[in-house]
Student: 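The structure under discussion is supplied below as structure tokens; questions concerning it will follow.
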Number of protein chains: 2
Amino acid sequence: MSNTKVLPLLEPDTESGPESVAPCCPPLTERPFTAEEAELTARMFKALGDPVRLRLFSAVASHAGGEACVCDISDVGVSQPTVSHHLKKLKEAGLLTSERRGTWVYYSVEPSALASMGRLLTSE
Amino acid sequence: MSNTKVLPLLEPDTESGPESVAPCCPPLTERPFTAEEAELTARMFKALGDPVRLRLFSAVASHAGGEACVCDISDVGVSQPTVSHHLKKLKEAGLLTSERRGTWVYYSVEPSALASMGRLLTSE
DNA sequence: CCACTGATTCGACGTGTGTCAACATAGATG
DNA sequence: CATCTATGTTGACACACGTCGAATCAGTGG
């Protein structure tokens, strides 16, 4: 498949890696978004648009060092495979990264993504 | 627990009105969200999680006075009923308000909602 | 009252999404 | 190797969602 269009400021990035969404787009109030900008930015909002994912992200983000083991945050009322599924979505949206250390897998927040989203919503 | 829970700070509000979502919840990084907080906050993110809605919202937000006629922003590549559908979703999420003035309908941004979302994403 | 334009609602259709049980994989440990 | 725990993947299913054309509602003006 031909690569889905990526804005110039974004590095091409690897196939399945985070869709690299962080350093994009001016505040929502600055000018009307183009189709490409909207497509790109909507991914992040959509990723946080599910209650379970929002709780998982918040759990990771509020954990010490912005990092948490799956076992520490998987008590959100859904089955374990579902937790894994949502963490994968958050990773694909570029909001989280994961790293395996021994038996456990640790998820961390991608600081640039958080900053980027914050910038979208601050009119100042 | 009773039925669909509404956080104390939110007024019950009418059936179809904006789900009044603005003054809610600490930054995502402060502490893990509860189920109720996540349910509530996810509505806003979900509303902006569609490229067309994001463009519509951005078009209204960046227009003079944070207000725009439907006819001014409906050029986003989808049919006019679809535009109307998305604007309704944004309204239900508490991000926009609408007002009819003569022949045209004007949509405005709900400033508190924007501020509330910004607060969620600013760490300090 | 009737025609015209702007905007919403309705009904239908195809696709996407959240969920789970079952199975598979990775490391640790016996 | 066998086994146990911690995560991820697969397949299936019900439901939500985005989209459109057609019908409808709301104002304006002839």
Side-chain angles (χ1 to χ4, degrees), chain A residues 1 4 15-19 35 38-39 41-57 59-60 63 67-93 95-108, chain B residues 4 15-19 35 38-39 41-57 59-60 67-93 95-108:
Chain A
M1 59 182 72
T4 33
E15 55 207 36
S16 78
E19 300 294 309
E39 199 81 41
T41 306
R43 290 183 202 168
M44 291 191 298
F45 284 109
K46 185 187 251 181
L48 294 180
D50 177 88
V52 173
R53 280 197 294 270
L54 204 48
R55 291 187 70 186
L56 289 172
F57 183 82
V60 173
H63 213 263
E67 167 184 287
C69 168
V70 176
C71 56
D72 288 329
I73 60 175
S74 54
D75 186 22
V76 288
V78 295
S79 71
Q80 185 272 324
T82 302
V83 169
S84 192
H85 166 71
H86 284 305
L87 287 173
K88 185 181 184 181
K89 286 291 196 75
L90 287 167
K91 209 165 101 174
E92 288 172 352
L95 296 175
L96 293 180
T97 60
S98 68
E99 179 194 358
R100 171 158 226 137
R101 290 207 289 273
T103 306
W104 298 281
V105 175
Y106 291 83
Y107 280 80
S108 308
Chain B
T4 21
E15 60 214 34
S16 76
E19 301 292 309
E39 198 82 41
T41 306
R43 291 183 200 168
M44 292 191 297
F45 284 109
K46 185 186 244 178
L48 293 180
D50 178 88
V52 173
R53 280 198 293 270
L54 204 48
R55 291 187 70 186
L56 288 171
F57 183 82
V60 173
E67 168 184 286
C69 169
V70 175
C71 55
D72 289 328
I73 60 176
S74 53
D75 187 24
V76 286
V78 295
S79 71
Q80 200 276 329
T82 301
V83 169
S84 193
H85 166 72
H86 284 306
L87 288 172
K88 186 180 183 181
K89 286 292 196 73
L90 288 167
K91 210 165 97 173
E92 289 172 350
L95 296 174
L96 293 180
T97 60
S98 70
E99 180 193 358
R100 172 159 225 136
R101 289 205 290 273
T103 305
W104 298 281
V105 175
Y106 292 83
Y107 280 80
S108 308

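Letters A, B, ... mirror the listed sequences (proteins, then strands); counts begin at 1.
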Student: Want to settle it: does A:Gly102 or A:Lys89 sit nearer the 5' end of DNA chain C, counting the closest nucleotide to each?
Tutor: A:Lys89
Student: Grab the CD-P distance between B:Glu99 and D:dA26 for me, whole Å please.
Tutor: 17 Å
Student: Produce a footprint string for nucleotides 2-16 of chain C: one letter per nucleotide, 5' end first; B if the base is under 4.0 Å from any protein heavy atom, S if only the sugar-phosphate is, - if neither.
Tutor: ----SBBB-------
Student: Take the protein atom CZ of A:Arg101 and the nucleotide atom C1' of D:dT5, then report the distance between them rounded to whole Å.
Tutor: 18 Å
Student: To 10°, what angle do the rotation axes through the five end pairs on each side of the helix from C:dC1-D:dG30 to C:dG30-D:dC1 form?
Tutor: 10°
Student: What distance do A:His85 atom NE2 and A:Leu90 atom CG have between them, rounded to the nearest 0.5 Å?
Tutor: 10.0 Å
Student: Return the CG to CD distance between B:Asp50 and A:Glu39, rounded to the nearest 0.5 Å.
Tutor: 8.5 Å
Student: Find out whether A:Lys46 and A:Arg43 are in side-chain contact, i.e. whether some heavy atom of one side chain is under 4.5 Å from a heavy atom of the other.
Tutor: no
Student: Only one of A:Val78, A:Val76, A:Leu96 passes side-chain contact (heavy atoms from CB on, under 4.5 Å) with A:Leu56; say which it is.
Tutor: A:Val76
Student: What's B:Arg53 touching, base or sugar-phosphate or nothing? Going by heavy atoms closer than 4.0 Å.
Tutor: sugar-phosphate
Student: Counting only N and O atoms by type, is there a donor-acceptor contact under 3.5 Å from the side chain of A:Arg53 to the main-chain atoms of A:Arg55?
Tutor: no
Student: So which heavy atom on A:Val83 is nearest to which on A:Val70, and how close?
Tutor: CG1-CG1, 4.5 Å
Student: With sequence neighbours left out, what residues match B:Glu67 under salt bridge (Lys or Arg N to Asp or Glu O under 4.0 Å)?
Tutor: B:Arg101
Student: Compare all side-chain heavy atoms of A:Val60 with those of A:Asp72 and state whether any distance is below 4.5 angstrom.
Tutor: no
Student: What is the distance, rounded to the nearest whole Å, between atom CG of A:Leu90 and atom P of C:dT17?
Tutor: 14 Å
Student: Figure out the OH/C1' separation between A:Tyr106 and D:dA6, and round it to whole Å.
Tutor: 11 Å
Student: Which whole-number value in Å describes the distance from A:His86 NE2 to C:dT17 P?
Tutor: 12 Å
